[in-house]
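Accompanying notes for the structure given below.
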4 protein chains.
Amino acid sequence: MTARPAGSRPRGAVRSEAARTSVLEATASLFAARGYDHLTIEGIASEAGVAKQTIYRWWTSKSAVVAETLIEGMLLPGHPEVPETGDIRADLSTWLGQLFQFVDEPTHNALVRSLVAAAAENESIGERLNDALGATATLTARIECAREAGELAPEIPVQEVVTALVGAVVVRALRRATTTPDAARQLIGALLH
Amino acid sequence: MTARPAGSRPRGAVRSEAARTSVLEATASLFAARGYDHLTIEGIASEAGVAKQTIYRWWTSKSAVVAETLIEGMLLPGHPEVPETGDIRADLSTWLGQLFQFVDEPTHNALVRSLVAAAAENESIGERLNDALGATATLTARIECAREAGELAPEIPVQEVVTALVGAVVVRALRRATTTPDAARQLIGALLH
Amino acid sequence: MTARPAGSRPRGAVRSEAARTSVLEATASLFAARGYDHLTIEGIASEAGVAKQTIYRWWTSKSAVVAETLIEGMLLPGHPEVPETGDIRADLSTWLGQLFQFVDEPTHNALVRSLVAAAAENESIGERLNDALGATATLTARIECAREAGELAPEIPVQEVVTALVGAVVVRALRRATTTPDAARQLIGALLH
Amino acid sequence: MTARPAGSRPRGAVRSEAARTSVLEATASLFAARGYDHLTIEGIASEAGVAKQTIYRWWTSKSAVVAETLIEGMLLPGHPEVPETGDIRADLSTWLGQLFQFVDEPTHNALVRSLVAAAAENESIGERLNDALGATATLTARIECAREAGELAPEIPVQEVVTALVGAVVVRALRRATTTPDAARQLIGALLH
DNA sequence: CCATAACCGAGACGGTACGTCTGGTCTTCAA
DNA sequence: TTGAAGACCAGACGTACCGTCTCGGTTATGG
C-alpha cells in the first residue's frame with residue numbers, strides 16, 4: 001500500500017536516515033544516562049541536533065521512540081549467550097545467574113527499572129520485555145527441545161515458565177534486592193524438575 | 001521511633017491528620033482514575049482541597065505520596081484470601097488464577113502497570129510490590145508450612161518461588177497478555193512439584 | 001541596531017503581533033482596574049489569552065510590560081492640550097489646574113500613584129514620567145519660546161521648573177491632598193515671575 | 001481613643017516593647033538593604049526573631065510597619081539642618097543642593113524610590129513624605145517668617161512651593177537623573193523671587 | 001494564689017503568584 | 001516535502017509569602 005505508481009517519485013526531500021539514527025542514538029544515550037522518566041522529547045531533539053517537530057512527525061510519543069530504540073537493540077547492552085553443555089538445567093542456571101548479577105549492579109538495575117517504566121506505558125515495549133531481558137525465542141526453543149528430548153517433564157508450560165523467570169528478574173530489579181549466588185540455581189531447580 | 005529526644009518538644013501547630021488523610025484519599029482516587037503518570041501534585045492538592053505546600057511539607061515527591069497511599073492499603077482493591085483446602089497446590093492455583101484473572105481485566109491491568117511504574121521510581125513501593133499484589137507474608141508462611149509438612153520438596157526456595165509468581169503476574173500485566181484459565185494451574189504444577 | 005549581519009536571517013516562526021498587542025491591552029485594562037501592585041503576570045496572561053511563557057519570552061518583568069504599555073500610550077488617558085492665549089502664565093495655570101483636578105479625582109489619583117509605584121521600580125517608566133503626566137516636550141518648548149520672547153525672566157531653568165511642576169502633582173497624588181482651585185495659579189505665579 | 005472605661009484595666013501580659021523595637025529595627029535594616037518591595041512580613045519576623053502573628057497583631061500591613069519605622073526616624077538617615085545665614089534664598093539653595101546630592105548617590109536614590117513606592121500604597125507614609133525628605137515644619141516656618149519679614153514676595157504660597165521642591169527631588173529620584181550643582185540654586189532663584 | 005486573659009515564638013494551614021520547564025502544534029525559511 | 005529553528009498555548013513544577021489559625025508556654029492582673 002505504500003507502493004506508488006510506476007514512473008512516480010516522491011516529491012520533496014525524503015526522510016532523513018541521519019536524523020532518525022541520530023534521534024535513536026540520542027535516546028539510547030540519554031536513557032542510559034538519566035533513565036526513562038527524565039527523558040524528554042526536547043532533550044532528545046537537542047542532543048540529536050534535530051528539531052522537535054522532526055520527532056513528532058515520525059513518532060507518536062516518547063515511549064514510541066524508546067520502543068524503536070529498543071527494537072534496534074541500542075537501548076540495552078547485549079545479553080550473554082546461553083551456554084550449551086548438554087545439561088539444560090545447568091545452562092539455564094548459568095544464564096539466569098548472569099541475569100541476576102546484571103540487575104544487581106546499580107547502573108543496570110536503574111536501566112532495567114527504566115525499561116519496566118517504559119513498558120508500563122507502552123504496549124510494544126511490554127511485548128518485547130522478554131527479548132530485551134535476554135529471554136529470546138532461541139532460549140524458549142532450547143527449552144522446548146530439551147523437553148521433547150525427555151530431559152524435562154512433558155507437562156511443563158514453557159512459555160509460562162520463561163515469563164516467570166523474566167518476572168523474577170523484573171521484580172528483583174523493582175525491589176532493588178540483591179541475590180545470593182545460589183538463588184538462580186535453586187529457582188531453576190524448583191521450576192524445571 | 002518518632003519519639004523525640006527528651007527535653008525537646010514540638011512547638012507550634014501540629015500536623016493536621018485531616019489534611020494527610022484527604023491527600024491520600026485524593027491520591028488513591030486519581031491513581032485509580034487516571035494512572036500513575038497522569039497523577040500530578042497539583043491535581044492531588046486540588047482534589048484534596050489542600051494547599052500544594054502542605055504536600056511538599058510532608059512528602060518529598062509524587063511517588064512518596066503514592067507509596068504512603070499504598071502502605072495504607074488505599075491504592076489497590078484487597079486481594080482474595082487464599083483458600084485452605086489442605087491441598088497446597090490447589091490452593092495456590094486458585095489464588096494465582098484469581099490474580100491472573102484480575103490483571104486480565106483492562107482497568108486492573110492499567111492499575112497494576114501504574115503500580116509497576118511507581119515501583120520503578122520509588123524503592124519503598126518496590127519493596128511492597130509482593131504484598132501489594134497479594135503475595136503476603138501469610139502466603140509465604142503457608143507454603144513454608146506445607147514444605148515442612150512434607151507436601152512440597154524440601155529444597156524449594158520459597159521466597160524465590162513467590163517472587164517468580166509475582167513476576168509472572170507483573171510481566172503478564174506489562175505484556176497486556178491474557179491468559180488461558182489453565183495457565184495458573186500449570187505454572188504452579190511446574191513450580192511446586 | 002536590531003538589524004542582523006548581512007547574509008544571516010531569522011529562522012523559525014516570527015513574533016506574533018497579535019499576542020503582543022493582546023498583552024498590552026490586557027495590561028492597560030488591569031492596571032486601570034486594579035492598580036500596579038495587584039497586577040500579576042498570570043492575570044495579564046489569562047486576560048490576554050496568552051501563555052505565561054509568551055510574556056516571559058519578550059519582557060523581563062511586570063514593570064517592563066507596564067513600561068511598554070505606557071510608551072504605547074495605552075496606560076493613561078490623554079491629557080488636555082495646553083491652551084494658547086498668548087499669555088504663557090495663564091496657559092500654564094490652566095494646564096496645571098486641570099492636572100491638579102485630574103489627580104484630585106480618586107480613580108485618577110490611584111492611577112497616578114500606581115504609575116509612580118511602577119516608576120519607582122523601573123527606570124524607563126521613570127524616564128517617561130514627565131511625558132506621561134502631560135509635561136511633554138511640546139510644553140517645554142512653549143515655555144522656552146516664551147522665555148526667549150522676553151515674556152519670562154531669562155535666567156529661568158526651564159527643565160528644572162517643569163520637573164518641579166510635575167513633582168508638585170506627584171507629591172499631591174502621594175499625599176492624597178486635594179487642592180484649592182487657586183493653587184495652580186499661585187504656584188505658576190511664584191515659579192514664573 | 002484607645003482608652004478603656006474607667007476602672008477597667010487590661011488583663012494579661014502587656015505588649016512587649018522589645019518585640020516592637022526589634023520589628024522596627026529589622027524593618028529598617030531590610031528596607032535599607034533590599035528596598036520596599038522585596039520587604040516581606042516573614043522576612044521581618046525572621047530577622048526580628050519574632051512570630052508573624054506578633055506583627056499581624058499590632059500592624060495591619062507591611063506598609064503600616066514601614067510607616068511606623070519612618071515615624072520613628074529609623075528608616076532614613078537624618079537630613080542636614082538648614083543653615084541660617086540671614087539670606088533665606090542662599091539657605092534654601094544650600095539645603096536643596098544637599099538634598100539633590102543625596103538622591104544622586106545610588107544607594108540613597110534607591111532608598112528614596114522605595115520610600116515613594118511605600119507612599120504610593122500607604123496614605124500615612126504619603127503624608128509624611130515632605131518631612132521624611134527634610135522639608136519639615138521648621139523649614140516651612142522659616143520661609144513663612146522670611147516672607148513676613150519682606151524678604152520674599154508676599155503672595156508666595158509657601159506650602160505649594162515646598163511641595164514643589166520636594167516634588168522636584170522625588171521626580172529626580174524616579175528619573176535616576178543626576179543634577180548639575182547649580183540646579184538647586186537656579187530653581188530656588190526661580191521659585192522665590 | 002489561683003483563674004483568667006492577653007501576650008509570645010513557632011509553625012501548619014489554604015491560597016495566590018512566581019519564574020521555569022516540557023508537551024505538543026504551528027509557522028517560517030532553506031535545501 | 002523535509003528538516004532546523006523557534007514561537008505559540010497549555011499546564012505542572014517546586015518555591016516564596018500571604019494572612020489566619022492552632023499550639024504550648026509566659027506574664028500580669030484581679031477575684
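Lettering of chains follows the sequences in order, A, B, ..., and the numbering in each one begins at 1.
Enclosure of atom CZ in B:R34 is not indicated, since only 12 or fewer non-hydrogen atoms of other residues, nucleotides or ligands lie within 6.0 angstrom. More than 12 non-hydrogen atoms from other residues, nucleotides or ligands lie less than 6.0 angstrom from CZ of C:R57.
In this entry the distance linking CG of B:D37 with P of F:dC13 reads 12 Å, nearest Å. In this structure, D:I41 atom CD1 and F:dT20 atom P are separated by 11 Å, rounded to whole Å. One can place NE2 of D:H38 at 13 Å from P of F:dC18, the figure rounded to the nearest angstrom. Counting to the nearest Å, the P atom of F:dG11 and the CZ atom of B:R34 are 12 Å from each other. Per the geometry, CD belonging to A:E121 stands 11 Å off P belonging to E:dG23, to the nearest Å.
Nearest-nucleotide positions on DNA chain E for A:T40 and D:V14 put D:V14 closer to the 5' end. Closest-nucleotide positions on DNA chain F for B:A13 and C:R15 were compared, and the one nearer the 5' end corresponds to C:R15.
For the pair A:R20 and A:W58, the cation-pi test (distance below 6.0 Å, angle within 45°) is failed.
Residues from residues 42-62 of chain D placing a heavy atom under 4.0 Å of any atom in DNA chain E, listed by number, are D:G49, D:V50, D:A51, D:T54, D:R57, D:W58. Of the residues in residues 17-31 of chain B, none lies under 4.0 Å from DNA chain E by heavy-atom distance.
Between the side chains of A:E17 and A:T21, at least one donor N or O sits under 3.5 Å from an acceptor N or O. Judged by distance alone, the side chains of A:Y36 and B:E121 never bring a donor and an acceptor atom under 3.5 Å apart.
B:T27 contributes a side-chain N or O that, together with a main-chain N or O of B:V23, makes up a donor-acceptor pair within less than 3.5 Å.
A:A118 approaches A:I125 most closely through the heavy-atom pair CB-CD1, 3.7 Å.
For C:N109, the side chain to side chain donor-acceptor pair (under 3.5 Å) criterion is met by C:R113, not counting sequence neighbours.
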